Amino acid sequence: MTEPSHPPLSPRVVARDGHCISRKDISPNALRVLYRLSEGGFDAFLVGGAVRDLLIGGHPKDFDVATSATPEQVRAIFRNCRLIGRRFRLAHVVYGREVIEVATFRANTDDGSGDRETADDGRLSRDNVYGTIEDDAIRRDFTANALYYAIDDFSVRDYVGGFDDVQARVLRLIGDPEQRYREDPVRMLRAARLAAKLDFSIDPAAAEPIPRLAPLLSGAAPARLFDECLKLFLSGHGEKSFLLLEQLGLFDVLFPETSHALATNRSGALRATLVKALQNTDARIASDKPVTPAFLFAAMLWPAYCREMAVLGKQGVSESLAPQRAADRVTLHQAARIALPRRFSLPMQEIWLLQPRFGQRQRKRVFRLLAHPRFRAAFDFLELRLTGAPEIAADVEFWREAQTQSPEQLAEHLPTGPDGRVATTTEDSADAPRRRRRRRRPSGSATATTAVGVTE
Ligand code: ATP
Ligand code: MG
């Protein structure tokens, strides 16, 4: 333990009768950890998002604990404990599926993400990363996230004015906003995310530097940005997150090619489709339905894909090669910013590449597409595209019906010959060469790109 880097701050102590946090709203496992640490002679507090959420009557999704005990001392108390992290070690106390994260009071402002090794100058060593509770409070990002619920007297301790800020529902950065964003640019995303999630406003002083400093985000670790994206868009407040990111100039840095495609799409169809995707995702989460990063990213990057298709079209790349090439380019370029794991990028590409096949009606092809393992996701995506491409309404109707019919019923209405293509909305990479040998493409048929209004 080192000397504090500043004189101790005296906290505002909000006694039990001055706040609404009740032990019955705290996970019994978190309470167990707090009591055991306290009985062991250590200071132990519930901290961070959980205290904030409880104060506004929410249900925290996880409970973090801050303590004066070192990780080794924590491990000595709990058998069900594992230590993680290298420079800053954290203790995870494991109860079945629930993990209570126990962090020793921390002295520095580094978030431990491993992004900013150069900023550390090698000055931080294992000896001086731990500190006092005051140090721990001021290294946090927003005042609302720096409140401590004490297990010994059930009070809330506030070193930075967070209690009033939570009541006023405002996100205020601790310290100088610009400096805090420079230390860790991901805090800008956290501002947008927490404002969207909690329905808090962002204090003007914290909002002002964001558009200016947004480009710093491009230096953040792509894997960390992927995690942040899941929290931004797959936690039930995706639409609001998107609107805030756009307003603050952050969306452009996270998804540069999508942002460019949206800006150049005069009809606004691509943006409408993206917003619809986020609304649908929020609705699914609200009704406890599963959501997948593959579908989310298919929607987020669809504008970029459509634009790339248009570019390749202008360059004269054949319709058989363009879809896969566009998909690969968009995936590769995006990976420089956000590390989308292959287990998600492959199904994302499949969703795109299946789109043209919804224009086919030849019996064999219809059955093949219905049996495709990615059919359902691709069909949901087709339905989504209807928002920006009313011309695919007949396709959506046909495939919606097709799923309700028996194979015999369905087969009855379908042509078996090579001309079984009814409404062509897109071209397909795998089938295109064969098809072209047999017949000429009907003139005036739209490509995937025009179907969403990119080239107009
Ligand atoms: P959520 O409810 O979405 O989990 P949270 O505020 O709990 O929000 P976490 O990522 O779980 O977010 O972080 C826990 C706490 O750690 C935060 O409340 C904050 O005090 C601190 N923290 C997290 N990220 C940072 C950061 N980049 N800089 C400073 N402090 C941070
Ligand atoms: Mg949390």
Side-chain angles (χ1 to χ4, degrees), residues 25-27 30 45-67 84-85 88 90 92 98-116 119-120 129 131 133-149 156-163 165-166 169 171-200 202 206 210 213 216-217 219-221 224-238 240-241 285:
D25 298 322
I26 301 175
S27 133
F45 301 90
L46 196 64
V47 70
V51 181
R52 177 199 70 209
D53 291 354
L54 289 169
L55 283 175
I56 55 170
H59 301 283
K61 62 176 164 44
D62 45 36
F63 291 87
D64 296 336
V65 167
T67 180
I84 63 154
F88 187 86
L90 291 170
H92 277 179
E98 190 179 17
V99 175
I100 307 297
E101 189 169 288
V102 182
T104 307
F105 296 140
R106 203 156 152 177
N108 63 80
T109 53
D110 178 24
D111 63 305
S113 64
D115 278 3
R116 300 178 306 106
D120 294 340
V129 289
I133 183 169
E134 293 91 342
D135 293 325
D136 192 80
I138 60 166
R139 65 98 186 161
R140 291 177 185 273
D141 47 7
F142 299 98
T143 59
N145 288 344
L147 293 168
Y148 296 76
Y149 172 84
V156 170
R157 308 218 181 150
D158 177 6
Y159 293 85
V160 289
F163 192 82
D165 285 340
V166 171
R169 301 183 85 94
L171 289 169
R172 191 187 313 276
L173 265 174
I174 300 169
D176 175 57
E178 175 152 350
Q179 186 190 337
R180 299 308 307 279
Y181 290 140
R182 287 189 181 280
E183 277 169 6
D184 179 10
V186 172
R187 289 177 184 142
M188 295 186 276
L189 287 184
R190 288 178 53 84
R193 174 167 78 80
L194 293 173
K197 165 180 158 155
L198 304 166
D199 212 8
F200 276 29
I202 305 175
I210 296 182
L213 301 180
L216 295 176
L217 253 191
R224 189 170 172 218
L225 292 184
F226 173 69
D227 291 344
E228 281 298 321
C229 273
L230 298 188
K231 293 190 201 168
L232 279 159
F233 301 116
L234 293 184
S235 306
H237 48 80
K240 214 161 159 216
S241 293
I285 292 166

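Along the sequence shown, residues are numbered consecutively beginning with 1. Remember, it's a predicted structure, so these values are computed and weren't measured experimentally. Side-chain atoms are counted along with the backbone in the values below, which use heavy atoms only and exclude waters and symmetry mates. Counting starts at 1 for both ligands and their atoms, following the listed order.
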Beyond-backbone contact of Leu216 with Tyr181, side-chain heavy atoms, under 4.5 angstrom:
no
Only heavy atoms of Gly48, strictly under 4.0 Å: list the atoms of ligand 1 that pass.
18 (O)
Would you mind listing which atoms of ligand 1 come within a distance below 4.0 Å of any non-hydrogen atom of Arg139?
29 (C), 30 (N)
Do the rings of Phe105 and Phe45 sit parallel, tilted or perpendicular, given the 30° and 60° boundaries?
tilted
Using a strict cut-off of less than 4.0 Å between a Lys/Arg side-chain nitrogen and an Asp/Glu carboxylate oxygen, indicate whether Arg172 and Asp165 qualify as a salt bridge.
yes
From atom 7 (O) of ligand 1, work out which of Gly49, Pro185, Ala146 has a heavy atom at the shortest distance.
Gly49
Is Asp227 salt-bridged to Lys231, going by a charged N under 4.0 Å from an acidic O?
no
Would you mind running through ligand 1 and noting each atom that sits below 4.0 Å from a heavy atom of Lys197?
1 (P), 2 (O), 3 (O)
Could an N or O of ligand 1 be found under 3.5 Å from any N or O of Lys61, whether backbone or side chain?
yes
Is there side-chain contact between Phe200 and Ile56, with heavy atoms separated by less than 4.5 Å?
yes
Check if Arg224 has a non-hydrogen atom at a distance under 4.0 Å from any atom of ligand 1.
yes
Taking only heavy atoms of Asp184, which atoms of ligand 1 are found under 4.0 Å from at least one of them?
26 (C), 27 (N)
Asp62: its N/O/S atom lying closest to the Mg ion (ligand 2) (atom name)
OD1
Using a 4.0 Å heavy-atom threshold (strictly under), name the region of Met188 that reaches ligand 1: side chain, backbone, both or neither.
neither
Is ligand 1 less than 4.0 angstrom away from at least one heavy atom of Asp64?
yes
Just how far is it from atom CD of Glu101 to atom CD1 of Ile84, taken to the nearest 0.5 Å?
5.5 Å
Is Glu178 salt-bridged to Arg182, going by a charged N under 4.0 Å from an acidic O?
yes
Student check: side-chain heavy atoms of Leu147 and Tyr149 closer than 4.5 Å
no
For Asp136 and Arg106, indicate whether the former's side chain and the latter's backbone hold a donor-acceptor pair under 3.5 Å.
yes
Check Asn145 against ligand 1 and report side chain, backbone, both or neither, counting heavy atoms closer than 4.0 Å.
both
Subset of ligand 1 atoms that lie under 4.0 Å from at least one heavy atom of Arg140:
15 (C), 16 (O), 19 (C), 20 (O), 21 (C), 29 (C), 30 (N)
Looking only at distances, please establish whether an N/O atom of ligand 1 is found under 3.5 Å from an N/O atom of Arg180.
no
